[in-house]
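Below you'll find the structure, written out as structure tokens, and then a few comments.
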Amino acid sequence: MYKLRKQQTLGDVLEKMMSFPVLKIEITVPIEEAYGYYLAEDIVSDSDVPSFDRSPYDGFAVRSEDCMHADSQAPVILMVVDKIGAENICNLQIKQCEAVRIMTGAKIPDGCDAIIKIESTRVFEENGNSYIEIRKSLKPGQNISFQGEDLKQGEKLLCVGSRITTGAVALLATFGYSEIKVYKKPVVGIVATGSELLEITEKLQAGKIRNSNSYMIGAEVIKCGAIARHYGIAQDTKEEIKSVVSKMMNEVDLVITTGGVSVGDFDYVPEVFEELGAEVLCNKIDIRPGSVTTIAHVNERGGKILIGLSGNPSASFVGAVLFAAPLIKKMLGNRQPFLKQVRAVLRENINKIDPITKLVRGVIWEEDCKLHVKPTGLDKSGAVSSIAYATALIILPPQTTGYVVGDVVDILLLESVEGSENFGHTVCGI
Ligand code: AMP
Ligand code: MG
């Protein structure tokens, strides 16, 4: 039987785990596929945006000095001497009492310093010439999109480690990036260990359960932005587990197992990690659920990290979001790998007996501009219902006993507030 190590604090484990060297591989992707990757290069603007003074409206380019005193009592008449679309340039030098009909995005003609919208003018023809009447005054620079007002040349726009969002793609396209240097998405191998496990397509049998953990972890891997590769189910024999973990170590960037990390007679995972040359960092952490999460590191085979999650679904879930996710995000080049911690008002009493940190699966919602939270249900590490509705983990620190309605608690955000809709109308009591 494997002997549990000395209990370590969550903070210590995270710090040591995140100091493991991870391979971040730079690749180049076409802009069409760049969404969701993390930048491996800083993006600096190589020109002003806009790169010339331009019109934000369909209207007329004018000299403000001609219109400075225009009002309904003293309208100003200007002659329209040219007409330009967004793709054209006016080659004339605009003189006193002249105007140019201009479309949105076109360059401001020389001599003009203001734009008046079409709907603010009266357009008329006389003797074959076109004129506008203006009944309101204009100031220099009025209604002009100035060169560099959006972005200046030489500005750092996005840093290494920034996520490529929809808006970031627009920026990259603006500066002509058809290909972008990003970090490769790590391939994360997942195997479920346990002789009691059935494939999810199998019929339930007495004493057996379906393997839900592999798919849950796979979903978390995808959520982080990486690629999940499934290695099925390994029976509880040392040989079978060793063989599949060894194969995974050769084929994937990060190895995740579930089950078999505790002190049961068939819990071989930590032992297997060691026999495959890995150094076990921890297998007893001061949190519940997830205390038996086993994290190991091996220098061989290009340096690999192995994470042994508990088999209990809630514990496996907590281990996946607390330990596997930040490591995956680090491999992806994400500069903010940890769950966001915020505060919320507790809306249901919670009793706490354990002297260690408890992470209670909770559901969040917004009310009166504040976040509110309450547990999602059965608070046992084997529960699957409580994770299905969880949009946050409520942190109950060690040495605390209980919390009551109205207490402000720290929470780790798992999903956005909208995710709480899974929990139905019971959340807000509507
Ligand atoms: P273990 O960590 O192997 O001791 O398993 C603890 C509990 O989690 C047992 O009740 C298992 O049946 C259950 N379990 C183990 N692996 C899985 C899995 N892949 N999916 C769902 N439940 C599991
Ligand atoms: Mg087991």
Got a sec, which residues hit side-chain contact (heavy atoms from CB on, under 4.5 Å) with [X], two or more places apart in sequence or on another chain?
X: Asp12; value: Thr9
X: Phe266; value: Asp236, Tyr268
X: Lys203; value: none
X: Ser291; value: none

Quick test of your reading: applying ring pair (Phe, Tyr, Trp, His ring centres under 6.0 Å), list the pairs with at least one residue in [range], sequence neighbours left out, ordered by first then second residue.
range: residues 160-214; result: none
range: residues 25-57; result: none
range: residues 271-311; result: Phe20-His297

For [X] and [Y], test the side chains for any donor-to-acceptor distance below 3.5 angstrom and give the result as yes or no.
X: Ser51; Y: Asp48; value: no
X: Lys329; Y: Gln336; value: no
X: Arg335; Y: Ser162; value: yes

With Lys242, which residues qualify under salt bridge (charged side-chain N to carboxylate O under 4.0 Å, His left out), at least two apart?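 Listed in chain order: Glu275.
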Contacts of type salt bridge (charged side-chain N to carboxylate O under 4.0 Å, His left out), residue Arg301, not counting sequence neighbours: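 Arg301 satisfies salt bridge (charged side-chain N to carboxylate O under 4.0 Å, His left out) with no residue once adjacent residues are dropped.
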Quick one: do [X] and [Y] make a salt bridge, cutoff under 4.0 Å?
X: Asp379; Y: Arg361; value: yes
X: Asp253; Y: Lys184; value: yes
X: Lys156; Y: Asp42; value: yes
X: Arg210; Y: Glu199; value: no

Is there a donor-acceptor contact under 3.5 Å from the side chain of Ser246 to the main chain of Ser243?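 Not a single qualifying donor-acceptor pair exists.
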Looking at side-chain heavy atoms only, is the closest gap between Leu309 and Val261 below 4.5 Å?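 No - every pair of side-chain heavy atoms lies 4.5 Å or more apart.
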Restricting to side-chain hydrogen bond (donor to acceptor under 3.5 Å, both in side chains), what partner residues turn up for Arg54, sequence neighbours left out?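 Scan of Arg54 (side-chain hydrogen bond (donor to acceptor under 3.5 Å, both in side chains), adjacent residues dropped) gives none.
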Partner residues of Asn351 under the side-chain hydrogen bond (donor to acceptor under 3.5 Å, both in side chains) criterion, sequence neighbours left out: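 Asn351 satisfies side-chain hydrogen bond (donor to acceptor under 3.5 Å, both in side chains) with no residue once adjacent residues are dropped.
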Just verifying a value: how many Å separate Leu413 CG and Thr391 OG1, rounded to the nearest 0.5 Å?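 Interatomic distance, Leu413 CG to Thr391 OG1, rounded to 0.5 Å: 8.0 Å.
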Whether over 12 other heavy atoms sit under 6.0 Å from Lys139 NZ: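 At most 12 heavy atoms, drawn from other residues, nucleotides or ligands, come within 6.0 Å of this atom.
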Report the residues that fulfil ring pair (Phe, Tyr, Trp, His ring centres under 6.0 Å) with Tyr231, sequence neighbours left out, ordered by chain and then residue number.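 Ring pair (Phe, Tyr, Trp, His ring centres under 6.0 Å) list for Tyr231, sorted by chain: empty.
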